[in-house]
> 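Got a structure for you, written out below as C-alpha cells; questions coming shortly.
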Amino acid sequence: MVEQLRPVTRPRLYEVIVEQLCVYIADNEMEPGDRLPAERELAAKLGVSRASLSQALVALEVQGVVSVRHGDGAILIRRPTEERAIKALREHADRIPDIIEAREALEVKLAGLAALRRSEPEMAAIDAAIAKMEQEIAAGERGVVGDEMFHEAITTAAHSSLLAKLMHEISGLVRETRIESLSQQDRPRASLEGHRRIAEAVRRQDADEAARAMADHIMMVSDVALLRVAD
C-alpha cells in the first residue's frame with residue numbers, strides 16, 4: 001500500500017527569524033543581561049525587514065526570552081533553544097482564541113460590575129492607570145504597565161472574588177496577548193482610548209455601557225492573531 005503524501009508545512013517568516021536569533025544568541029555566547037544589536041543592525045545581519053525582525057522579537061518577549069525596552073533595545077533574559085522556542089511559539093498561537101474567549105467571558109462581566117460597585121478610591125485607581133499608560137506612550141513605550149494596571153483596577157472595582165481569582169489564573173496568558181497587541185503600530189493609543197471609554201462608563205455607573213465598551217475593547221485587541229499569518 002502506497003503511503004499518502006502529506007502537504008509540506010512552510011514555516012512562517014517570523015519562525016525562521018526566531019530560529020536564526022536563537023542561533024545568533026548561542027553562537028555569540030550571550031548571557032542573560034546582554035543586549036542584542038540594534039534592530040536596524042540585526043535586521044541587516046539576518047537579511048530581513050525591521051518589521052519582520054520586530055515581530056520575531058515580540059514572539060521571544062512573549063516567551064520571556066528577551067525584554068524589549070524603549071531606548072535600550074532587546075535585553076536577553078534567558079538563553080533559548082531553537083526547538084523549544086518554536087514549540088512554544090506554535091503552542092502560544094494555538095491558544096490565542098481560547099485566551100480571547102476567556103477574556104470576553106470574564107472582563108465584560110467585570111466591567112459591568114465595576115460600574116455598579118466601584119468606590120471613589122477605586123475610580124481614582126482606574127484614572128491613575130490611564131494616566132500611567134498615557135505617560136508610557138508619550139515616552140515612546142507601548143504602555144504595557146499602564147494597560148495591566150487598568151485591567152487590574154477594573155477587576156478590583158468589581159468586588160467579585162471568584163471572577164478575580166479566575167482572572168488571576170489566566171493573567172500570564174493575558175500578558176502574552178497584551179505584549180503582542182501593544183506591539184502593533186498605533187495600537188497603544190487605540191487601546192488607551194478604549195480604556196477611557198470604559199472608565200467614563202464606570203464613572204457614570206452605567207453598567208451596560210461599561211460592558212459594551214469592554215467587549216469592543218477586547219474585540220479590538222484580539223487581532224493579535226494577525227501576527228500569526230503575516231509574512
Side-chain angles (χ1 to χ4, degrees), residues 58-59 61-64 67 77 87-133 136 142-184 187-188 190-228:
V58 168
E61 185 175 15
V62 164
Q63 295 180 38
S67 174
I77 302 299
K87 183 174 182 288
L89 200 60
R90 291 173 178 170
E91 287 175 349
H92 168 70
D94 290 342
R95 63 178 173 254
I96 284 177
D98 290 338
I99 298 170
I100 300 305
E101 285 180 2
R103 292 193 68 181
E104 289 174 340
L106 296 173
E107 294 196 72
V108 172
K109 181 65 174 178
L110 284 165
L113 291 175
L116 296 174
R117 300 173 178 175
R118 59 89 177 163
S119 65
E120 288 304 320
E122 287 161 352
M123 191 69 239
I126 292 169
D127 290 337
I130 290 174
K132 173 63 176 176
M133 189 173 183
E136 289 180 282
R142 293 170 295 185
V144 173
V145 173
D147 186 280
E148 196 165 37
M149 286 174 58
F150 176 82
H151 288 279
E152 287 178 355
I154 291 291
T155 298
T156 299
H159 293 276
S160 175
S161 59
L162 184 54
L163 289 180
K165 182 177 180 180
L166 292 172
M167 281 303 301
H168 177 73
E169 290 295 321
I170 67 168
S171 61
L173 299 175
V174 172
R175 182 171 174 79
E176 292 179 3
T177 58
R178 173 175 288 121
I179 291 171
E180 279 190 301
S181 177
L182 293 174
S183 296
Q184 296 181 76
R187 176 56 54 76
S191 183
L192 179 61
E193 292 307 313
H195 289 180
R196 287 197 175 109
R197 180 185 163 197
I198 296 164
E200 286 311 305
V202 171
R203 193 185 316 281
R204 297 193 309 270
Q205 297 190 295
D206 185 337
D208 290 340
E209 174 58 20
R212 278 193 298 270
M214 182 64 83
D216 290 346
H217 176 65
I218 292 173
M219 182 178 296
M220 185 266 290
V221 302
S222 70
D223 70 354
V224 292
L226 291 176
L227 289 175
R228 297 303 175 209

> Quick one: are Glu107 and Met167 in side-chain contact, heavy atoms under 4.5 Å?
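Yes, side chains in contact.
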> Should the pair Arg142-Asp147 be classified as a salt bridge under the 4.0 Å nitrogen-to-oxygen rule?
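Between Asp147 and Arg142 there is no salt bridge, as every charged N stays at least 4.0 Å from the carboxylate O atoms.
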> Just do the side chain to side chain contact (heavy atoms under 4.5 Å, CB included) check on Arg187 and Met220 with the steps written out, would you?
CA-CA 9 Å; Arg187 176 56 54 76; Met220 185 266 290; 3.3 Å; yes
> Rounded to the nearest 0.5 Å, how far does CD of Glu176 lie from CD of Glu180?
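Taking CD in Glu180 and CD in Glu176, the distance rounds to 8.0 Å.
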> From Ile218 CD1 over to Ile198 CD1, what is the distance, rounded to the nearest 0.5 angstrom?
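Ile218 CD1 to Ile198 CD1: 7.5 Å, rounded to 0.5 Å.
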> Is a side-chain N or O of Glu136 found less than 3.5 angstrom from the main chain of Gly146, in a donor-acceptor match?
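Yes: the side chain of Glu136 pairs with the backbone of Gly146.
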> Does the Arg118 side chain pair with the main chain of Val202, one donor and one acceptor, at a distance under 3.5 Å?
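At least one qualifying donor-acceptor pair exists.
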> Side chains of Ile154 and Ile126, heavy atoms from C-beta outward: is any pair under 4.5 Å?
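Of all side-chain heavy-atom pairs linking Ile126 with Ile154, at least one is under 4.5 Å.
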> Any side-chain heavy atom of His151 sitting closer than 4.5 Å to one from Val174?
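Not in contact.
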> Heavy atoms only: give me the nearest His195-Ile130 pair and the separation to one decimal.
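For His195 versus Ile130, the nearest heavy atoms are O-CD1, 3.9 Å.
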> Check Ala115 against Ala210 and note the closest heavy-atom contact, atom names and distance.
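Closest pair (atom of Ala115, atom of Ala210, distance): CB-CB, 4.0 Å.
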> So Asp98 and Leu173, side chain to side chain contact (heavy atoms under 4.5 Å, CB included) or not? Walk me through it.
CA-CA 10 Å; Asp98 290 338; Leu173 299 175; over 6 Å; no
> Show me the pairs that pass side chain to side chain donor-acceptor pair (under 3.5 Å) and involve residues 159-171, at least two apart or across chains.
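Those involving residues 159-171 are Glu122-His159.
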> Just to verify, what does Thr155 make a side-chain hydrogen bond (donor to acceptor under 3.5 Å, both in side chains) with, not counting sequence neighbours?
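Thr155: no side-chain hydrogen bond (donor to acceptor under 3.5 Å, both in side chains) contacts found.
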> What are the two closest heavy atoms between Pro188 and Leu182, and how far apart are they?
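Looking at all heavy atoms of both residues, the shortest contact is CG-O, 3.4 Å.
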> Does Arg175 have any salt bridge (charged side-chain N to carboxylate O under 4.0 Å, His left out) partners at least two apart in sequence or in another chain, and if so, which?
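Glu148.
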> Walk me through it: do Arg203 and Asp127 pass the test side chain to side chain contact (heavy atoms under 4.5 Å, CB included)?
CA-CA 10 Å; Arg203 193 185 316 281; Asp127 290 337; 2.8 Å; yes
> Report yes if some heavy atom in the side chain of Arg212 is under 4.5 Å from a heavy atom in the side chain of Arg197; otherwise report no.
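Of all side-chain heavy-atom pairs linking Arg197 with Arg212, at least one is under 4.5 Å.
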> State the CZ-NE2 distance between Arg103 and His217, to the nearest 0.5 angstrom.
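If we round to the nearest 0.5 Å, Arg103:CZ and His217:NE2 are 6.0 Å apart.
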